[in-house]
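Structure, as structure tokens:
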Number of protein chains: 2
Amino acid sequence: MAKANPARICPVAAFQRMISGKYKLRIVWDLKDGPRRYGEIRSGLLRGTEGSAEITPRVLSRELKALTASGLIDRKDFGEVPPKVEYRLTRKGKSFVPVVAAIRDWGDRHLSEAVSLVDAAE
Amino acid sequence: MAKANPARICPVAAFQRMISGKYKLRIVWDLKDGPRRYGEIRSGLLRGTEGSAEITPRVLSRELKALTASGLIDRKDFGEVPPKVEYRLTRKGKSFVPVVAAIRDWGDRHLSEAVSLVDAAE
DNA sequence: CAGCATCCTGCGTGATACTG
DNA sequence: CAGTATCACGCAGGATGCTG
């Protein structure tokens, strides 16, 4: 079982590592309404960030695996062809939704309109 | 002025960008108790992640600037020598604290003991 | 449809040294 | 003390093409 690290591990830092990457949080958020298929998640990632190109399979696949490894989501493969795979939140993942909701809520209030990130940069 | 992007910008994605990096969240959390000096923040980053080495000035400096640009923290320079600079949360930054608290709280409950990130990796 | 294989690039992060 | 200047490196993330 890991290494039985008795020391503090700073939940905030752990969280940072866990959701590192550009899409993990959005994926979790997308999954809050129920299971979704690979392609659906992919499509969902497009809406809301028209500026960027489509997420590549390589990246999405990695994010999905990382989330699975973190225990936030679960992969369900409906055998055979044509391939059909669904991803759904685990219990842990579901417990995480309110946190993302809080994030989304805050973001809605404080950075939906303008400010920062763009003009304040240089 | 930015670009007056009228479309949805997905608060979650915006959040991701805003707190991207390994230390931003922790810095904000450290600042919740009041203003702190550059060196204090640096020291604070050490506790809780004994695995990694000390944060380098270059990195800390950038994180601080990014947070300032995001409008989460504010830099107060007490003129002259010897240099003394304090960083404190802005109003926006303070409103963000509860969110980090939620994150920390969740992390405490779900990844303080063991699991993920280590053994589930490969 | 749901991926994997390969190659490539930028940037986030770190180490070290120097300065006002 | 509070940074900046350089150099270096690994990895996240994207592009393209292929497969079961």
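In what follows, chains carry the letters A, B, and so on, assigned in the order in which the sequence lines appear, proteins first and then strands, with residues in each chain numbered from 1.
- We find that NZ of Lys24(A) is positioned 11 Å from C1' of dG13(D), with the value rounded to whole Å.
- If you take CG of Leu60(A) and P of dA15(D), they are 14 Å apart, rounded to a whole angstrom.
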Each nucleotide of nucleotides 2-7 of chain C classed B (base within 4.0 Å of a protein heavy atom), S (only sugar-phosphate) or -, in 5' to 3' order, makes SBB-BB

Walk me through whether Met18(A) and Leu111(B) qualify under side chain to side chain contact (heavy atoms under 4.5 Å, CB included).
CA-CA 10 Å; Met18(A) 196 182 73; Leu111(B) 30 83; 3.5 Å; yes

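- In this structure, Lys92(A) is not positioned above the aromatic face of Phe96(A) in the sense of NZ or CZ being under 6.0 Å from the six-membered ring centre and within 45° of the axis.
- Remark: C1' of dA2(D) and CZ of Arg36(B) are 16 Å apart, rounded to the nearest angstrom.
- If Val81(A) and Gly21(A) are placed on DNA chain D by their nearest nucleotide, the residue sitting closer to the 5' end is Gly21(A).
- Residue Arg26(B) contributes atom CZ, which lies 12 Å from atom P of dT13(C) at whole-angstrom precision.
- Put simply, CD1 on Ile55(B) is 14 Å from C1' on dA2(D), counting in whole angstrom units.
- Of all heavy-atom pairs between Asp108(B) and Pro11(A), the closest is OD1-CG, 3.4 Å.
- Minimum interatomic distance between Ile41(B) and Asp30(B) (heavy atoms only, all atoms of both residues): O-OD2, 4.3 Å.
- Of the residues Lys24(B), Arg26(B), Arg42(B), Lys22(B), the one that meets the salt bridge (charged side-chain N to carboxylate O under 4.0 Å, His left out) test with Glu63(B) is Lys24(B).
- Qualifying side-chain contact (heavy atoms from CB on, under 4.5 Å) partners for Arg62(A), counting only residues two or more places apart in sequence or in other chains: Arg58(A).
- Rounding to whole angstrom units, CD of residue Glu63(B) and P of dT4(D) are separated by 14 Å.
- Separating the CZ atom of Arg17(B) from the C1' atom of dG10(C) is a distance of 17 Å, rounded to the nearest angstrom.
- In this structure, Phe78(B) places its CZ atom 14 Å from C1' of dA2(D), rounding to the nearest Å.
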